[in-house]
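Values reported hereafter were calculated over all heavy atoms of this structure, with side chains retained and with hydrogens, waters and symmetry mates removed. Numbers restart at 1 for each chain; the letters A, B, ... are given by sequence-line order, proteins then strands.
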Amino acid sequence: MADNQLLALSGVTLAFAGNTVLDDVNFSIPRDAIVSLIGPNGAGKTSLFNSITGFYKPQGGSVRFDGQELLKLKPHQVTASGIARTFQNVRLFREMTVLENVMSGMHCRTKSGALAAVLRLPSQQREEAEIRAFSEECLAFVGIADEANREATTLAYGHQRRVEIARALATKPKLLLLDEPAAGLNSGEKVALTELIARIRNELGISVLLIEHDMGLVMKISERISVLDHGKMIAEGTAKDIQNDPKVIEAYLGQDDGEGQS
Amino acid sequence: MTAFDVVMQQIVNGLVLGSFYALVALGYTMIFGVIKLLNFAHGDLYMVGGFVGFLVLSAISGITGGGWTGVAISMFLSMIAVGCLGVVIERVAYHPMLRAPRLSILITALAVSLVLQNTVLSITHGQYTAFGADFGFGGVNLGNVFITYNQMILVGIAAFLMIGLEVFVSRTQYGRAMRAVAIDKDMCQLMGINVSGVIAVTFLIGSALAAAAGTLAGAYYGSVWYFMGFLIGLKAFTAAVIGGIGSIPGAMLGGLILGFLEAFGTQLPGIGSEWKDVFSFAVLILVLVFKPTGLLGKSEQERM
Amino acid sequence: MSTSGNAVLKLKGIEAGYGRIQALMGIDLEVHEGQIVTLLGANGAGKSTTLKTISGLVRARAGSVEFMGEDITGKNAHQIARSGLVHVPEGRHILRGLSVKENLELGAFTVSDAKLRQTRMQEVFDLFPILGKRQHQDGSLLSGGEQQMLAMGRALMHGPKLLLLDEPSMGLAPKLVLETMRIVKRLNEAGTTILLVEQNARLALRLAHYGYVLESGAIRMKDEAARLQADKSIVQAYLGE
Amino acid sequence: MTSNSNGAVPTHGLGPFLQDARLRWVVAIAILAFLVVAPMIFGSYITVILTNALLYVVLCLGLNIVVGYAGLLDLGYAAFFAVGAYTIGVLTIQFGFNFWVAFPFAVLAAVLAGVIIGGPTLRLRSDYLAIVTLGFGEIVRFSARNLEITGRASGISGIQDPSLFGWQIRTQTDYYYVFVVLAIIAVIASFRLANSRLGRAWLYVRHDEDAAEAMGINRVQVKLAAYVIGAIFGAVGGAFFAANLGAISPESFSFEQSVLVLMAVILGGMGKIPGVILGAFIIILGPELLRDLGEFRLLVFAVGLLLIMLFRPSGIWPGRRGA
Amino acid sequence: QETMQIGVQVPTTGSEATYGQDMINAVQIAVDEINAEGGLLGQQVSLVTGDTACDPQQSVNAASRLVSANVVGVVGGYCSGATLPTLQIYGDANIPFIIAAANSTQLIPENPGNAFMINSTGADQAAKAVEFLSAQGAATLTIVNQGDAYSQDLATLASEDWTAAGNEVVSIETVNKGEQDYSAIVTKIRSTNPDAVFWTAYYADGGLLIRQLRQSGYQGIIAVGDGSNSPQLFDIAGQAAEGVFAFSNPTADFLPQAASFTETYQEDYGNAPGPYAPLAYDGMKLLGWAIAEAGSTDADAIIEVLRSADGQEWLAGPISFTDVNTLARSNFIVLKGEGGAWTRADE
Ligand SMILES: Nc1ncnc2c1ncn2[C@@H]1O[C@H](COP(=O)(O)OP(=O)(O)OP(=O)(O)O)[C@@H](O)[C@H]1O
Ligand SMILES: Nc1ncnc2c1ncn2[C@@H]1O[C@H](COP(=O)(O)OP(=O)(O)OP(=O)(O)O)[C@@H](O)[C@H]1O
Ligand SMILES: [Mg+2]
Ligand SMILES: [Mg+2]
């Protein structure tokens with residue numbers, strides 16, 4: 001059973017100045033799955049991501065990933081162990097091209113240092129070529145190979161989101177964490193995003209954990225959905241289960257009473 | 001003097017020195033707080049303040065005499081003049097650069113510093129100028145510790161200016177606006193805040209405080225000199241950082257701490273006074289290693 | 001134009017852009033007193049730029065903006081804000097390092113009456129109880145959705161005559177999206193004129209009286225909201241799903 | 001080279017002028033030719049000034065790695081310069097080492113200094129880092145002033161001229177050529193670093209530490225590397241500076257020195273190698289050209305700086321990589 | 001008509017500009033006099049200034065420029081640290097160099113033979129100071145310097161001599177230039193209460209120190225070195241300078257022939273000549289004399305004449321050189337502050 005779980009959180013507790021943000025959270029992701037995490041604003045979803053990836057230091061609990069304990073690791077070590085993420089607000093490197101942005105992901109998979117660079121050692125040259133080639137591959141995968149040499153922050157918003165995903169893929173992860181990837185996208189872009197997420201899992205074999213408020217997208221793509229409210233897991237199940245769970249409706253979905261229609 | 005007397009006397013010394021540092025550090029911190037600029041010209045405004053104070057006092061001492069009345073008037077006028085100079089500098093040298101890379105303004109500030117210093121250098125030919133304030137050396141003796149009236153007045157004026165400023169910035173809408181401008185200028189505009197106006201007022205106040213310190217220093221120490229702002233500028237910068245740059249109470253605290261460090265650093269047992277600056281800087285570094293945002297600085301956490 | 005009331009806001013031939021990029025190619029737009037007007041369009045169509053040009057953050061290269069009968073083209077953003085036109089920009093822009101309460105206080109920067117500020121603050125807390133609970137917390141540490149509420153609350157502190165809202169539902173949980181729309185409606189009923197930019201076009205059209213559709217910096221279509229909503233081709237082409 | 005044409009724009013910040021590889025070679029060879037013949041055309045004064053400027057090129061390129069690439073504001077760069085110079089001074093004079101035996105120690109000392117300054121402080125934000133580096137710079141200077149072994153305030157004099165494969169470096173012209181070689185090495189090393197994995201990592205960390213960290217980049221390690229490499233540039237410059245002058249004293253390593261190097265870097269355009277070189281030349285040649293103005297020279301120079309910055313806020317050299 | 005170029009190497013910018021400007025002024029007076037009398041070798045003399053900013057690197061630039069300007073000789077040298085690396089440059093170019101102020105003993109071994117130091121060395125001054133202060137009955141002494149080569153050197157020498165004379169050095173203190181507030185040092189001095197305090201650096205900071213010492217109630221002897229014998233000390237220290245002793249070369253005020261120099265200086269520049277003005281003036285006059293004697297601008301000939309200088313009287317006293325080109329005599333005198341001016345205290 002345990003072997004089936006790629007990521008397993010147990011008893012994770014996080015508080016800021018007495019304000020409990022995550023309250024004894026137990027949660028797991030099977031291998032090869034697409035799982036969504038939903039919940040009201042301020043429920044602690046992003047905080048959960050930050051706790052997994054080492055940006056926040058929970059006061060208690062454990063985060064096991066592929067047999068390894070993550071809680072003591074720094075963010076870059078978490079990434080090296082095989083988890084990549086995107087951010088709720090797109091955070092691309094300014095003034096750098098799309099390709100350069102994606103190349104950053106390869107950093108933790110390569111190793112040549114300053115001396116090798118200054119002396120232009122053959123091993124360094126080989127590695128540079130490899131970094132470039134793989135980054136281009138990642139760009140092609142998310143479908144924006146044409147934009148490789150543009151300054152990343154001048155791209156349309158939807159494309160910036162894709163650069164972020166390509167950059168994450170370049171770290172060669174086993175698990176990809178996406179924080180509201182559809183926010184600010186128009187409906188066409190949302191459809192494309194849904195396809196992309198499916199391909200990441202199906203073609204690359206990377207598991208995906210998704211935070212998203214767009215219920216259409218969540219329901220369509222997730223194999224399992226977990227619901228967080230006030231730092232607690234209040235429900236877990238398939239899209240159907242969740243949609244009809246009164247607790248979830250009360251806390252999160254709400255009733256569209258059509259009041260807008262006067 | 002007993003060891004206790006020495007300690008008490010050094011506390012008095014540290015307090016006086018610290019007051020000067022704090023006054024200059026306040027301007028540093030305010031200006032940093034609003035436009036994120038390390039205004040390296042700030043120490044030179046202190047210097048110009050000293051000279052303006054001197055000029056005013058020379059002009060009026062016939063009527064007022066060289067005592068505290070004359071000095072107070074000179075200080076006040078110098079604050080106004082140098083405050084305006086600060087605003088002019090901001091308009092000419094910094095304002096056009098506000099959207100430029102941050103470090104570029106740093107260079108402009110250094111250039112302004114060189115301009116101020118070398119202008120006064122050319123005028124005075126680098127000579128020291130006797131300030132001409134003339135007040136007695138009287139004071140009170142507490143045991144063996146001697147505190148002059150001048151020191152008391154000085155610390156009093158400094159405290160008054162600092163507390164006034166703190167109240168202004170923390171309690172009034174305008175002060176709040178000052179802090180807001182530092183964070184997001186566009187948003188401030190949308191809330192109806194005149195961003196340029198706020199920046200100008202910040203420079204006015206910050207420069208005026210430096211001028212107050214400069215005039216008081218000229219009067220208290222007895223002379224002014226074109227290079228007198230350099231060292232205190234560095235020290236004030238240090239003080240502002242110890243206290244947490246951007247924080248007004250922090251600048252006061254940092255100034256006083258630096259004053260005390262230097263006073264007691266001189267008296268370090270076993271090693272000579274030549275190590276006192278090494279001592280203060282070492283303490284500064286230690287503070288920052290353990291408290292990376294300074295003593296009263298808020299950590300600027302960013303949400304992800 | 002088929003709607004009643006007089007135009008609070010009137011844009012004539014507005015052109016604007018960033019550097020070499022021309023984002024708006026001549027926009028004509030009117031918002032009438034007491035209305036909710038929505039501005040729709042794909043990503044990059046120029047919706048946000050239109051709002052920024054109205055509020056003075058972006059300078060118009062051509063054309064004019066009239067607010068309550070007064071020409072405000074080329075005025076500074078803070079002057080425009082003072083005249084009662086409040087813009088809630090996209091991306092919330094909570095002032096980092098200032099508490100929730102201070103953020104709200106600054107929203108009322110132009111209100112000199114302390115009492116009035118007090119009552120407005122209470123109203124905002126009634127509207128968004130979470131803000132009251134967190135009033136002493138650093139505003140930028142709120143969750144995304146909470147920040148959105150704060151941004152809205154801050155605009156209300158100002159007591160706006162015309163409110164420009166840029167994607168207020170972005171990043172909000174479904175329940176809150178509905179809640180926000182209710183609030184927008186309530187505000188409007190209480191007399192605030194609103195120009196609303198929304199990605200969620202369905203909702204926006206349900207709420208609005210009138211709608212404009214923007215494409216590549218130009219107005220592509222304008223009509224009564226109800227009629228736009230009924231037009232299947234529009235729904236498909238611009239509003240998706 | 002060919003991969004650049006369809007790959008990412010390389011990160012050397014050459015700006016719009018020098019995108020063509022062939023033009024680049026022409027310019028490089030022209031500059032080189034000028035440098036080689038300069039002492040023969042101009043007198044000793046110009047040679048001395050150019051030597052100085054070339055020393056500054058080395059220092060500025062070193063600081064550029066710290067400030068321009070890694071985005072770490074350093075107000076105490078002169079400390080590294082001092083470490084190099086004093087290591088040579090102390091080891092050759094007090095311990096009788098040969099210059100070339102002492103030289104590796106100078107580099108080693110710089111690495112150590114880089115780690116000592118960088119290690120505990122890299123978590124600090126830029127402005128705090130500025131004051132800490134300033135503090136370290138002053139600590140180094142005060143220590144040199146107070147310690148017997150560094151000759152206290154008078155410093156160390158009588159440092160011997162080194163010889164290289166039988167060539168005795170002695171005259172101003174000899175040193176000029178030494179610094180030409182050093183500057184060329186510094187330029188090449190800078191270009192290669194900028195276009196390497198480490199060079200990009202500096203930019204990532206500078207633009208967004210958290211995002212970089214999330215991409216698996218160890219920011220502390222990367223910043224430390226910047227400090228150490230910057231320190232090595234500084235120390236190498238310092239070592240040859242000591243040999244050239246023959247005498248060193250604390251006043252050569254003051255805060256003003258650090259500020260001057262920083263000015264050159266920003267003036268030319270941070271992160272842009274040709275810009276930084278240009279900045280170094282302006283900072284050294286500017287005041288020299290104005291020597292006739294006497295006590296007004298710094299005033300005029302400062303006004304000039306001000307005007308340059310107002311008209312070119314991102315530095316003189318055009319193009320991105322400037323923020 | 002051709003003019004003869006003479007170089008002046010002093011700081012005219014930076015924190016030491018005050019002193020450099022003072023020296024330039026004095027040299028200019030000397031040049032004006034020389035020109036009024038028909039110049040040298042039939043040529044008018046003109047000055048080329050080389051600003052060292054008291055920075056070794058900048059002074060190398062300055063010296064190279066003076067060399068390129070084909071100066072016949074150079075007068076100046078203020079900061080010892082900045083003077084040191086220029087010795088080789090003038091040596092290589094074979095240009096006579098009169099060092100008017102810098103007097104660190106470090107300069108001696110680096111001198112290729114073309115440089116002449118007309119300021120007595122620190123060692124001479126230290127000896128004089130110890131002799132005088134002992135005679136005043138002082139047994140304990142605190143020495144305060146400014147952490148630069150000159151004042152630290154003098155402090156160390158004085159301390160050695162004082163101990164050798166069987167007295168006690170309470171402490172050697174160091175302050176930084178431009179600090180303004182010396183109260184911490186003052187308190188330290190007050191707590192150990194030495195019989196005498198010896199300030200080895202310059203008048204500006206010295207004035208402040210003296211003022212603050214007296215304000216705090218320190219009653220002991222205060223003495224200052226030759227960097228502080230300027231009349232401006234009285235402007236800065238005010239009343240507190242009364243009774244202060246200064247060790248000095250006989251300055252302008254104390255030689256009959258210097259009265260007109262002081263007057264001219266006052267007239268031309270509006271303030272009293274500083275501590276190194278007479279020496280700078282002498283340096284120029286000495287160089288002019290040597291050129292005239294040599295009858296040519298040939299460096300070797302001028303250097304030969306300078307070596308043979310045999311105690312001729314100048315503003316600051318007779319000049320002749322030892323075989324390492326330092327001033328052969330020490331004629332330090334002792335001054336005392338009285339009524340806002342210096343008077344002789346050792347006659
Ligand atoms: N660094 C922090 N310091 C203090 N409080 C924090 C911090 N980060 C998050 N919080 C608080 O924790 C709670 C959860 O925030 P989080 O960002 O995880 O919510 P979320 O579920 O991602 O919400 P949203 O859907 O709106 O993005 C919020 O109330 C927020 O104010
Ligand atoms: N600061 C800027 N600098 C340069 N170009 C910009 C800037 N802001 C917007 N643009 C460009 O202007 C055009 C219009 O952008 P705008 O933000 O107005 O679109 P929008 O309709 O609000 O889109 P979205 O739905 O993504 O918010 C786009 O092409 C965009 O790339
Ligand atoms: Mg979130
Ligand atoms: Mg928009």
With a 4.5 angstrom heavy-atom cut-off, could you sort out which part of D:Ala225 is near chain A: side chain, backbone, both or neither?
-> neither
Engaged part of D:Ile229 at the chain A interface, taking heavy atoms whose separation is under 4.5 Å =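 The side chain, not the backbone.
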Step by step, work out the side-chain contact (heavy atoms from CB on, under 4.5 Å) result for D:Tyr204 and A:Met96.
-> CA-CA 9 Å; D:Tyr204 301 141; A:Met96 298 182 82; 3.5 Å; yes
Should we count NZ of A:Lys72 as having more than 12 external heavy atoms under 6.0 Å?
-> no
Give a yes or no on whether D:Phe105 atom CZ has more than 12 heavy-atom contacts from other residues, nucleotides or ligands under 6.0 Å away.
->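 Count not over threshold, so no.
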Just do the side-chain contact (heavy atoms from CB on, under 4.5 Å) check on A:Met106 and D:Arg200 with the steps written out, would you?
-> CA-CA 11 Å; A:Met106 280 290 280; D:Arg200 286 190 301 271; over 6 Å; no
Once rounded to the nearest 0.5 Å, what's the spacing between atom [atom1] of [X] and atom [atom2] of [Y]?
X: D:Arg192; Y: A:Leu115; atom1: CZ; atom2: CG; result: 11.5 Å
X: D:Asp210; Y: A:Asn50; atom1: CG; atom2: CG; result: 9.0 Å
X: D:Leu203; Y: A:Met103; atom1: CG; atom2: CE; result: 11.5 Å

Nearest atoms (heavy-atom pairs only) where D:Leu198 meets A:Ala114 | CD2-CB, 3.7 Å
What heavy-atom pair brings A:Cys108 and D:Met215 nearest, and what distance separates the two atoms?
->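 Reported closest heavy-atom pair: SG-O, 3.9 Å.
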Quick one: of A:Gln124, A:Arg109, A:Lys111, A:Lys74, who has the most non-hydrogen atom pairs under 4.5 Å with chain D?
->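 Of the candidates given, the most pairs with chain D belong to A:Lys111.
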Which one, A:Ser104, A:Gly113, A:Ala168, A:Ala116, leads in non-hydrogen pairs under 4.5 Å with chain D?
-> A:Ser104
Would you say the side chain of D:Ile217 lies within less than 4.5 Å of the side chain of A:His107, judging by non-hydrogen atoms?
-> yes
Is [X] in contact with chain D via its backbone, its side chain, both, or neither, using a 4.5 Å heavy-atom distance?
X: A:Glu164; answer: neither
X: A:Thr110; answer: both
X: A:Ala84; answer: neither

Does the [X] side chain pair with the main chain of [Y], one donor and one acceptor, at a distance under 3.5 Å?
X: A:His76; Y: D:Glu213; value: no
X: D:Ser196; Y: A:Ala117; value: no
X: D:Arg197; Y: A:Ser112; value: yes

Basic-acidic side-chain contact under 4.0 Å: A:Arg91, D:Glu209 |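 Result for this pair is no, no salt bridge flagged.
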